[in-house]
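The structure under discussion appears below in the form of structure tokens.
All ligand and atom numbering here is 1-based and tracks the order in the structure. From a predicted model like this one, the values you see are computed outputs, not experimental measurements.
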Amino acid sequence: MLRQFEEGTTLDRFIAESEHLHPDASGRFSALLHQVSLASRLVSARVNRAGLAGMLGATGDVNVQGEFVQKLDEYANEAFKRALEHAGCVGAIASEEDEGPYRVPERFYSGRYIFCMDPLDGSSNIDVNATIGTIFCVFRRKSEEGSPAQMSDILRPGTDIVAAGYVVYGSGTMMVLSSGRGVHGFTLDPYVGEFFLSHPDIRLDGEGRTYSCNEGYAGTWPDGLRAWVDARKGEGMGWKSRYIGSLVADFHRNLLKGGIFLYPGSKKRPEGKLRLLYEAFPLAYLVEQAGGAASDGQRRILDLTPSELHARTPLYIGEKALVEEIVEVLSTRE
Ligand code: P6P
């Protein structure tokens with residue numbers, strides 16, 4: 001579909017053309033994407049002024065994760081919830097920042113979609129001006145729209161995802177999105193306030209030679225994984241190590257340039273650190289749409305179902321052949 005588009009197509013046009021592909025479309029999904037675009041532009045403007053607007057630093061609160069809430073975390077969480085709740089398209093929003101699901105208030109229509117998000121991933125990097133981002137995925141609810149959304153609408157297998165994306169707030173702001181027909185990147189022109197198609201049909205070509213992991217924890221990894229990473233450091237192996245410590249930034253680099261991102265579990269924390277519902281799921285959906293793979297070390301990420309809203313998972317994601325190599329290594333570890 002997008003091949004008809006010259007680069008420079010707007011996100012709005014992409015949304016409209018996507019809707020035309022679904023004859024029975026009600027426009028609710030388009031409304032959801034428009035509101036995500038609005039919230040992303042609000043957060044982008046705030047992130048880019050954070051230093052000046054006194055938005056750096058912590059609020060003094062601690063969130064459900066036990067992490068210090070950064071002012072921008074809170075702002076982003078509110079921006080996406082306010083933008084979505086009245087649009088008649090979502091029934092509930094599951095957010096990293098909230099203990100439980102945010103059900104749409106009764107004064108608004110409880111729509112047909114469930115929106116799961118990490119509103120501002122990587123926020124521990126805010127004060128050092130490192131790239132951060134919003135990560136999200138969308139389910140179509142199983143319960144009757146118009147009624148209060150249920151937990152069973154939210155705790156679903158990743159294979160039920162109907163769309164996913166992220167917004168990376170870096171040197172520029174870019175939204176990377178898929179609703180099942182490939183992965184497409186839209187770059188924000190802050191002077192126009194519009195996202196323009198800059199990266200149509202992003203594909204992983206299997207040539208990546210970058211591994212991305214926090215080697216400070218190598219002592220806690222499964223032995224086989226440590227050996228795999230060490231083997232890539234050999235003279236003339238042609239591998240690079242890149243790790244920003246912001247999942248959305250590390251993933252975005254690997255999606256555009258190839259490679260693999262590794263966040264293993266450890267003996268102390270076998271489930272790892274990253275969240276399944278609103279970090280691993282969205283990126284796994286995107287990477288598979290781009291021809292890559294995502295595993296928890298044994299199982300395909302999208303085949304998993306979260307046991308609770310903030311369930312964690314180990315994450316190995318990127319070039320398909322590299323993920324398969326890692327899974328093989330981990331399956332034969334002593
Ligand atoms: P570590 C950021 O805090 C985050 O949640 C992800 O964005 C990132 O990939 C990970 O944690 C970094 O964790 O343990 O390497 O600092």
(message) Centre-to-centre under 6.0 Å for Phe186 and Phe196, is that the case here?
(response) no
(message) Using the side-chain contact (heavy atoms from CB on, under 4.5 Å) criterion, which residues pair with Pro119? Sequence neighbours excluded.
(response) Ala76, Asn77, Ser95, Glu96, Glu97, Met117
(request) Please name all residues satisfying side-chain contact (heavy atoms from CB on, under 4.5 Å) with Ala149, sequence neighbours left out, ordered by chain then number. (result) Ala92, Ile114, Arg141, Asp153
(message) Give the atom numbers and elements of ligand 1 that come within less than 4.0 Å of a heavy atom of Tyr243.
(response) 1 (P), 12 (C), 13 (O), 15 (O)
(request) Any atoms of ligand 1 less than 4.0 Å from a non-hydrogen atom of Asp121? List them with their elements. (result) 5 (O), 6 (C), 7 (O)
(request) Before signing off on this row, confirm whether Tyr263 and ligand 1 have an N or O atom pair separated by under 3.5 Å. (result) yes
(request) For Leu247, counting its heavy atoms only, list the atoms of ligand 1 lying under 4.0 Å from any of them. (result) 6 (C), 7 (O), 8 (C), 9 (O)
(message) Is the ring pair His252/Tyr166 parallel, tilted or perpendicular, if the boundaries are 30 and 60 degrees?
(response) perpendicular
(request) Would you mind listing which atoms of ligand 1 come within a distance below 4.0 Å of any non-hydrogen atom of Gly122? (result) 2 (C), 7 (O)
(message) Here's one to test your reading of the geometry: is the NZ or CZ of Arg226 within 45 degrees of the ring axis of Trp228 and under 6.0 Å from its centre?
(response) no
